[in-house]
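Right, one structure below, let's go through it.
Just so we're on the same page: letters track the sequence lines, and every chain starts at 1.
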Amino acid sequence: MTALILFAQQSVELTSTEQWVINVFFGVIALVSTAAALKMVTTDNVVHAALYLLIVLASVAAIYVILGAEFAAATQVLVYIGAILVLLLFGVMLTRAKLGADDDLNHEQRWIGGLVSVVMLAVMSFSLWEAFEDTKVPTALNPDDFNTGAVSESIFTDYIVPFEAISVLLLAALIGAVVVARRD
Amino acid sequence: MFLNQFLIFAAVLFCIGVYGVLTRKNGVLVLMSIELILNAVNINLVAFGAYNSDIGGQVFALFIIAVAAAEVGVGLAIVLLIYRNRRSIDVSEADLLKG
């Protein structure tokens, strides 16, 4: 019992050990997903690219959990990993992509794209660093930090109009996709 | 944790996605890179929502996930149509609008 109370007090105070652990978690997730994203845009196998995308999407879900957005994390897993990735794999199958290595997936002048993205990353990192030097952001540690109830309340009160607009957009996209891809 | 950790991680993912969109020739791979870009934006929204302790960041991240689902459905339908008409989904060959 005493141990339980001590543990509860510690997790409320957010000790330096917990900060350290959460930072290590973040570092591992960030490294893994950056490496997977780099492999995704450079690999010569379309199916492997989809699997690397899965690693990135799962890491992003973990980042949401660190930030206390567990409903967004669950939706990420359900919609992105469960639906969108499967849809992309269906696209790979229906377009009869070459299974195995394919050496014709990249443009010849890919260094221009590399230059553009490196310059963009430098500018964005510099301006982000200038704007938010060491601003802290609260991370979730306790069950109380999570807020699915508040999210659902907010969707159905403050954001009801965008929510209905999204519903109509999804219906339009569904019908549009069927009409565009139909054989006639 | 610092807000910048999340923002710069999202910037890295965004730039990798932009590289993918610019350099890939396969239409499905271009769509995958677009998903990477949308995810980076979502991390930004959730991080700023936590920073301002405002629930709106999460709500808009959910809306973006829904829009991404719609986008990938229509995008794949277009890619399939290009494949059916040209027997190839190489986006650099779809150049009818080039003078």
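The side-chain heavy atoms of A:F163 and B:V59, taken from C-beta on, include no pair separated by under 4.5 Å. When side chains are defined from C-beta on, B:V28 counts as touching A:L88, because their heavy atoms get closer than 4.5 Å. With contacts defined as side-chain heavy-atom distances shorter than 4.5 Å, the pair A:Y80/B:N39 qualifies.
Using a 4.5 Å cut-off between heavy atoms, B:F63 contacts chain A through both its backbone and its side chain. If you measure heavy-atom distances from B:L13 to chain A, the contacts under 4.5 Å come from the side chain alone. For a residue to count as touching a neighbouring chain, one of its non-hydrogen atoms must lie under 4.5 Å from one of that chain's; by this rule A:V79 touches chain B with the side chain only. Interface residue A:L121: backbone and side-chain heavy atoms are both found under 4.5 Å from chain B. Both the backbone and the side chain of B:Q5 come within less than 4.5 Å of a heavy atom of chain A. Heavy atoms closer than 4.5 Å to chain A are found in both the backbone and the side chain of B:I43. Heavy atoms closer than 4.5 Å to chain A are found in the side chain of B:I55, but not in its backbone. Proximity to chain B is absent for every atom of A:E153, based on heavy atoms less than 4.5 angstrom apart. Of the atoms belonging to B:N42, heavy atoms from both backbone and side chain fall under 4.5 Å from chain A. Proximity to chain B involves both the backbone and the side chain of A:T43, based on heavy atoms less than 4.5 angstrom apart. For A:A83, no part lies under 4.5 angstrom from a heavy atom of chain B. With a threshold of 4.5 angstrom between heavy atoms, A:W129 approaches chain B through its backbone and through its side chain. If you measure heavy-atom distances from A:F90 to chain B, you find no contacts under 4.5 Å at all. Contact annotation for A:M124: only side-chain heavy atoms (C-beta onward) come within less than 4.5 Å of a heavy atom of chain B. Neither the backbone nor the side chain of B:A10 comes within less than 4.5 Å of any heavy atom in chain A. Looking at A:V151, both its backbone and its side chain come within 4.5 Å of chain B, counting heavy atoms on both sides. Both the backbone and the side chain of B:L7 come within contact range of chain A, judged by heavy atoms closer than 4.5 Å. Contacts between A:I166 and chain B at a heavy-atom distance below 4.5 Å involve the side chain alone, from C-beta outward. Proximity to chain A (any heavy atom under 4.5 Å) is restricted, for B:I89, to the side chain, taken from C-beta onward. At a 4.5 Å heavy-atom cutoff, the contact between A:A50 and chain B is made by backbone and side-chain atoms alike.
Closest non-hydrogen pair, A:A49 versus B:L29, comes out as CB-CD2, 3.4 Å. Of all the heavy atoms in A:V137 and B:A50, the pair that sits closest is CG2-CB, 3.9 Å. Scanning all heavy atoms of the two residues, the minimum distance from B:M1 to A:I66 falls at SD-CG2, 4.1 Å. Pairing each heavy atom of A:A72 with each of B:L62, the nearest pair is CA-CD2, 4.0 Å.
The OG1 atom of A:T95 lies 12.0 Å from the CG atom of B:D90; values are rounded to the nearest 0.5 Å. To the nearest 0.5 angstrom, A:L54 atom CG is 11.0 Å from B:M32 atom CE. Note that NZ of B:K25 is 4.5 Å distant from CD of A:E108, once rounded to the nearest 0.5 Å. Note that OH of B:Y51 is 5.0 Å distant from OG1 of A:T135, once rounded to the nearest 0.5 Å.
Taking the ring centroids of A:F26 and B:F6, they lie under the 6.0 Å cut-off.
Open room surrounds CZ on A:R96; 12 or fewer heavy atoms of other groups in view lie less than 6.0 Å from it. The local environment of NE2 in A:H107 is crowded, with over 12 non-hydrogen atoms from other residues, nucleotides or ligands closer than 6.0 Å.
Applying a 4.5 Å heavy-atom cutoff, the residues of residues 112-120 of chain A that approach chain B are A:G113, A:G114, A:V116, A:S117, A:M120.
Of the listed residues (A:V179, A:D158, A:V60), the greatest number of heavy-atom pairs within a distance under 4.5 Å of chain B belongs to A:V60.
Put simply, the side chain of B:N26 never gets that close to the backbone of A:L105: no donor and acceptor are under 3.5 Å apart. For the pair A:R110 (side chain) and B:Y19 (backbone), a donor-acceptor distance under 3.5 Å is absent.
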